[in-house]
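The first residue of the sequence shown is numbered 1, and numbering continues consecutively from there.
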Amino acid sequence: MSYKSTDALMRHLRDNGIDISGSSQKRQLINTGYFHGYKGYRFFKNAGTRLPYNSYNEVYATIQYDTALKSLFYGKMMFIETAVKNIALEGILVKAKSESIQAMYDNVVSSYRNAPANATSEQKKILQQNKLNLQNSIQSNLSYAYKKNNPKITHFYNNTVHSGVPIWALFEIMTMGDFGYLLSCLTYDVRDDISKRIGLNLSCDTDRQLLYKYIYTLKDLRNAIAHNAVVFDTRFRNIDPTRAMKRCLEIEIGLPYVNFKTIGDYVILMCYYLKLLKVPKTEIKSFIRSFEKLTDEYRSSVNPAVSSIVIQPDLNSRMTILKNFI
């Protein structure tokens, strides 16, 4: 395959209807990359929905909008992850009556032995398999952390006064996805307790699945931010929200619908958590206003055909509802 120089790539873009020229735009193309930049941002969600750009300025504005969203979300996402982990940790320690990982397995993780009374033999087997998968995942995490000389873990293995790694140290090295899986493996009573500690609306969550389903949802966005993947069009979305996931936010916030198909819905979920975690109203509203400002600036920097695809038509009204809820 032949290699194209930056000048050749600029000619290629012009041939495809994208107005690009001059040293400034050449530098932008070099810095953002043709493949990461233009090819990553020329469509919305999937390659079948091309964004009708007229100029490279619009491509660059889209990249900048996406980058600004990641910067805005990062701190809030880390806060939510840390806070929910700590609340879950407290619930687990209380129920396990110990900080031992084995006590957690024995007392708060679902298995064949402690399955609900009405569970079928097949359902009990699934719970047991999930527990074994969880144990395997945790062991792999600990092994990897030890191999990498992570002081949070080596401290407990290289010191004879400790009998093992405590649950709270395990939580320090868990990814958000692994944390979500752990939550999904907890018994109903423990999930119920942690959900209430957080303050989730459980009126439509009979199976107490919101606790980990929302973590999985936020995890997709968190990982996209961490790996500098595209976020503005939610192409990172890996979940189909359950009825409970939608109804909880609709009832609590007063929204007509929720589907997590646009970035605004992720802002809504983050703000719901920030409110539950008792973050000051002024801080949450400032976060929403920053999101609105970035979006308004983006809207004014691209042609209407692009902004009508990228920006949800009812975004403003949804953000007004969200601010009223806060």
**OP:** Determine which pairs satisfy salt bridge (Lys or Arg N to Asp or Glu O under 4.0 Å) with at least one residue from residues 195-213, sequence neighbours left out, and list them in order.
**Re:** E90-R197, D192-K196, D192-R208, D193-R197
Atom pair [atom1]/[atom2] of [X] and [Y] - distance to nearest 0.5 Å:
{"X": "M77", "Y": "Y273", "atom1": "CE", "atom2": "OH", "value": "11.0 Å"}
{"X": "D240", "Y": "T217", "atom1": "CG", "atom2": "OG1", "value": "10.5 Å"}
{"X": "N223", "Y": "M176", "atom1": "CG", "atom2": "CE", "value": "8.5 Å"}
{"X": "I126", "Y": "S121", "atom1": "CD1", "atom2": "OG", "value": "10.0 Å"}
{"X": "M270", "Y": "Y266", "atom1": "CE", "atom2": "OH", "value": "12.0 Å"}
{"X": "S24", "Y": "K26", "atom1": "OG", "atom2": "NZ", "value": "12.5 Å"}

Original post:
Do the non-hydrogen side-chain atoms of K70 and N228 ever get within less than 4.5 Å of each other?
Top reply: yes
How about [X] and [Y]: does a side-chain donor come under 3.5 Å of a side-chain acceptor?
{"X": "T187", "Y": "D189", "answer": "no"}
{"X": "Y105", "Y": "S100", "answer": "no"}
{"X": "K131", "Y": "S110", "answer": "no"}
{"X": "N158", "Y": "Y146", "answer": "yes"}
{"X": "S301", "Y": "Y65", "answer": "no"}
{"X": "Q28", "Y": "Y56", "answer": "no"}

Check: residues 315-326 side-chain donor-acceptor pairs under 3.5 Å, at least two apart:
residue	atom	partner	partner atom	Å
S317	OG	D314	O	2.9
R318	NH1	Y257	O	3.0
R318	NH2	Y257	O	2.8
R318	NH2	D265	OD1	2.8
T320	OG1	N316	O	3.0
K323	NZ	E292	OE1	2.9
K323	NZ	E292	OE2	3.2
N324	ND2	T320	O	3.3

Original post:
How about Y144: does its OH atom have over 12 heavy atoms from other parts shown lying under 6.0 Å from it?
Top reply: no
Subject >> Enclosure of Y74 OH (heavy-atom neighbours >12, cutoff 6.0 Å) >> reply: no
**OP:** Using modelled atom types only, decide if a donor and an acceptor are shared between the side chain of S184 and the backbone of Y181 within a distance under 3.5 Å.
**Re:** yes
Original post:
Do N136 side-chain atoms and L132 backbone N/O form a donor-acceptor pair below 3.5 Å?
Top reply: no
